[in-house]
Amino acid sequence: MLKKRGSKGIEVTTLPYETKVYTNNQVLIPAQLIRSLDLRNVIKARITIEYKDRVVTFEARLLKMRSTDSRQFTIPKSVRENIGINPEDAIKILKIEKLALKR
């Protein structure tokens, strides 16, 4: 059996998932969650988040990391401005729906 490289990672396998917004307005989806939701080959998704009791849905590209299954997405500027999300704020990801698969 091969030994895994790198850090252990975040143990999250189901939604909802609470996380922080990075300073570049991106949000991380951990590799375990990507695998459990079968999102490895998804490049575009419809994402529903909750912030301060406001729920909003938007479409985003899932950006692939180099050597892991984890993904990141950027919260659109219109969504951030509409509900007042800033970097370092905590959001809750409620739902991720597949829209487009990698060819």
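With sequence neighbours left out, the side chain to side chain contact (heavy atoms under 4.5 Å, CB included) criterion links Ala90 to Glu18. Applying the side chain to side chain contact (heavy atoms under 4.5 Å, CB included) test to Asp53 and every residue at least two apart in sequence or in another chain returns Glu50. The salt bridge (Lys or Arg N to Asp or Glu O under 4.0 Å) search around Asp89 returns none, not counting sequence neighbours. Arg54 is linked by a salt bridge (Lys or Arg N to Asp or Glu O under 4.0 Å) to nothing, counting only residues two or more places apart in sequence or in another chain. In this view, Lys20 satisfies the salt bridge (Lys or Arg N to Asp or Glu O under 4.0 Å) rule with no residue, not counting sequence neighbours. Checked against side chain to side chain donor-acceptor pair (under 3.5 Å), Thr68 has no partners two or more places apart in sequence or in another chain. Take Lys98 and apply the salt bridge (Lys or Arg N to Asp or Glu O under 4.0 Å) test, not counting sequence neighbours, and it matches Asp38. With sequence neighbours excluded, the residues satisfying side chain to side chain contact (heavy atoms under 4.5 Å, CB included) with Lys77 are Arg80, Glu81. For Leu101, the side chain to side chain contact (heavy atoms under 4.5 Å, CB included) partners at least two apart in sequence or on another chain are Val42. With sequence neighbours excluded, the residues satisfying side chain to side chain donor-acceptor pair (under 3.5 Å) with Glu59 are Arg46. Looking at residues two or more places apart in sequence or on another chain, you find a side chain to side chain donor-acceptor pair (under 3.5 Å) between Thr48 and Thr57.
At a threshold of 4.5 Å between side-chain heavy atoms, the hydrophobic network of Ile, Leu, Val, Met, Phe, Trp and Tyr places Ile83 and Ile91 in one connected group. Residue Phe73 is grouped with residue Leu15 when hydrophobic side chains (ILVMFWY) are merged at heavy-atom distances under 4.5 angstrom, including chains of intermediate members.
Residue Ile75 holds its CD1 atom at 4.5 Å from CD1 of Ile85, rounded to the nearest 0.5 Å. Considering CD1 of Ile34 and CG of Asn41, their distance stands at 10.5 Å, rounded to 0.5 Å. For the atom pair CG (Leu63) and CZ (Arg71), the distance works out to 9.5 Å, reported to the nearest 0.5 Å. Note: Leu39 CG to Leu33 CG = 7.0 Å, rounded to the nearest 0.5 Å. Atom CD of Gln32 and atom OG of Ser70 lie 11.5 Å apart (nearest 0.5 Å). Rounding to the nearest 0.5 Å gives a distance of 9.0 Å between CD1 of Ile29 and CD of Gln72.
Under the side-chain contact (heavy atoms from CB on, under 4.5 Å) test applied with Tyr22, the options Val27, Leu28, Thr74 reduce to a single match, Leu28.
Taking each heavy atom of Leu99 and Ala45 in turn, the nearest pair found is CD1-C, 3.6 Å.
Ser78 places none of its side-chain heavy atoms less than 4.5 Å from the side chain of Phe58. The shortest side-chain heavy-atom distance between Ile49 and Val56 falls under the 4.5 Å cut-off.
For NZ of Lys95, the number of neighbouring non-hydrogen atoms (other residues, nucleotides, ligands) closer than 6.0 Å is 12 at most.
By the 4.5 Å side-chain criterion applied to Ile, Leu, Val, Met, Phe, Trp and Tyr, Leu94 is assigned to a cluster that also includes Val55.
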